[in-house]
2 protein chains.
Amino acid sequence: MFFEGSEKKIEIELSFGLDDLRQKPHSFWEELVEQAHAKILSQIDSEECTAYLLSESSLFVWKNRITLITCGRTTLVNAAKYFISQFQSNDIESVIFERKNEYFPDKQPTNFYQDVIELNKFIEGKAFRFGNADEHHLYVYHMNKPFTPEESDKTLEVLMYDLDKDVLNLFQKENLKSEELRLKSGIENLFEGFKIDDYVFEPFGYSLNGLKGSEYFTIHVTPQDLGCYVSFETNANIQKNYDEVLARVLEIFRPRSFDTIYFHPDQSLAVEVPNFSQRSFVEGSMGCGYHITYAHYFHKNLVELEPVELKEL
Amino acid sequence: MFFEGSEKKIEIELSFGLDDLRQKPHSFWEELVEQAHAKILSQIDSEECTAYLLSESSLFVWKNRITLITCGRTTLVNAAKYFISQFQSNDIESVIFERKNEYFPDKQPTNFYQDVIELNKFIEGKAFRFGNADEHHLYVYHMNKPFTPEESDKTLEVLMYDLDKDVLNLFQKENLKSEELRLKSGIENLFEGFKIDDYVFEPFGYSLNGLKGSEYFTIHVTPQDLGCYVSFETNANIQKNYDEVLARVLEIFRPRSFDTIYFHPDQSLAVEVPNFSQRSFVEGSMGCGYHITYAHYFHKNLVELEPVELKEL
């Protein structure tokens, strides 16, 4: 049985003068994520943000901004259309839609190109590919509207492929409690002072949302033999030390290869990682106001492999 | 407009005592390739082999063996089933089915897993993946039957991704004659003494079959901006000098990255290529009697990229 860990993500920012999004009734958010075929499992709040843990990833709601991340066979683009259609078009300040290349694209209900055609019915935007089409790559679509991110508006995503055997075994263990998993994996000590909401799926799989004021981090682990994937995303502690955050995340999961995706008002993320070679490095100052850096790394020692027999057909 | 260059390939060997396959009527081969949704464009013969150039790749027919290669959205597995069903099951000595990961897997009528389920209805086989699922990789399915390849039974495939700009421009030029393309590209001087059959497609795209006795080589160029791909395959001149053949092919096409696939009775293909880094190296002595080596290389200088705007949606 295969589960697609690779995620789709949408970030939408509205005019600052509108009502606080967190005043919307719970049913609004339920309806929103249902458009993507996801469900709300639980919720935590800080003064500035509400974080929903979903059956397939996460939703973060700030005063005038949402970040919705979904994996599996979800139809995130439908949720995006639903959200956008609730507001006047001139109140939509920024829309950024991302989609990572998938393990099994043929199992997805739509591809990126189809999603963009749908989004273009509601807003005017541009589509890009970061990285070669035949390699790891990131698709990014953004609305065409001048936007100036705040100085602190920086996001780091680390998308990891395959894990060290010991780490994989830990996450594949059945009937573990989330607290146990957090402690044994080292996730517990990644950041200090965050309110944590996490969940262990059946038979395995792990999701976590963490909140502290306006800072968040989120982790999703899909520890399947056929298509192991872990995503990490945060705006916390990366104002100056993104390389330290990256190093600690890599130490916890020990992947065979990984991407970094860095959104910053004007700087790129150029970082050398010990024991890893860089396969792709793509950066651009985009029309959506962000400087985006995408890089793919692979572990130097994990190039030689055996053929893998595929028994589950 | 996109065209999937990545190929599927089937190689079937029959008992030696059967009638010479080349005695089959033309209509048999027409029917065979039609099963895959391809058409025969032309044909050349040597004493030992007939080579058909197809609308989508190539078919080689020896006394008791065929090699059928198809690209695009072809259904090669149907042709394989059709061919196998024409013979007694104990006359099928060897079946090897290969499929390279595609640019757009969601546009394919079937995936490898589905193809294997179909083939398993006719023969008993095993399926393997060479390389990580999220990287360049090769799927190989083979029949479970002891088979001893002849000492000279060695095949080298070189699958190339993206080409140097000058090379790409040459192959994208419209209204070029095939002879002109052969001369300007350097293909003309790749091997000596081969009978050549080649074809330039509209608006572009190039296919070549070459024959000399039992030796063949074949080239297929899909020079599309969105998914540029070139395949080269031969059993010629690689008995001792496969690295020289590889070097000359790379000099002609100057790709950004490429795979080598090497079938040999018992040896692996371990070769360092100047200016290229090895991303994957996978080898195995398989139950089908061949030692198979799969490797992926990428050009060291082509790691830094710009985001690519996707305008054709």
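A note on names: the letters A, B, ... follow the listed sequences, proteins ahead of strands, and every chain is numbered from 1. From a predicted model like this one, the values you see are computed outputs, not experimental measurements.
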Undergrad: Using heavy-atom distances under 4.5 Å, tell me whether A:Ser257 contacts chain B through its side chain, its backbone, both, or neither.
TA: side chain
Undergrad: Taking B:His296, B:Arg256, B:Glu304, B:Glu306 one by one, which has the highest count of heavy-atom pairs under 4.5 Å against chain A?
TA: B:Arg256
Undergrad: Taking atom CD of B:Glu309 as the centre, report whether more than 12 heavy atoms of other residues, nucleotides or ligands fall under 6.0 Å from it.
TA: yes
Undergrad: Of all heavy-atom pairs between A:Gly284 and B:Pro307, which one has the smallest distance, and what is that distance?
TA: CA-CG, 3.9 Å
Undergrad: I'd like to know which of A:Tyr139, A:Tyr229, A:Tyr161 tops the heavy-atom pair count under 4.5 Å against chain B.
TA: A:Tyr161
Undergrad: Salt bridge check, A:Lys107 against B:Asp106: does any charged N sit closer than 4.0 Å to a carboxylate O?
TA: no
Undergrad: Between B:Val282, B:Asn101, B:Asp134, B:Val308, which residue shows the highest count of heavy-atom pairs closer than 4.5 Å to chain A?
TA: B:Asp134
Undergrad: Under 6.0 Å between ring centres: does that hold for B:Phe298 and A:Phe298?
TA: yes
Undergrad: Picking from A:Lys300, A:Arg129, A:Glu102, A:Met286, which has the most non-hydrogen pairs under 4.5 angstrom with chain B?
TA: A:Arg129
Undergrad: Tell me, yes or no, whether the heavy-atom count around A:Glu124 atom CD, taken from other residues, nucleotides or ligands under 6.0 Å, exceeds 12.
TA: no
Undergrad: Assess whether a salt bridge exists between B:Arg279 and A:Glu135, defined as any Lys/Arg side-chain N lying under 4.0 Å from an Asp/Glu carboxylate O.
TA: no
Undergrad: For A:Tyr141, is it the side chain, the backbone, both, or neither that has a heavy atom closer than 4.5 Å to a heavy atom of chain B?
TA: neither
Undergrad: Would you compute the distance between atom OH of A:Tyr113 and atom CG of B:Leu310 and round it to the nearest 0.5 angstrom?
TA: 4.5 Å
Undergrad: Could you tell me whether A:Lys126 atom NZ has more than 12 heavy atoms of other residues or ligands within 6.0 Å of it?
TA: no
Undergrad: For B:Asn132, which atoms come within 4.5 Å of any heavy atom of chain A: side chain, backbone, both, or neither?
TA: both
Undergrad: Could you look at B:Phe104 and say if it's the side chain, the backbone, both or neither that has a heavy atom under 4.5 Å from chain A?
TA: side chain
Undergrad: Who passes salt bridge (charged side-chain N to carboxylate O under 4.0 Å, His left out) against A:Glu283, sequence neighbours left out?
TA: none
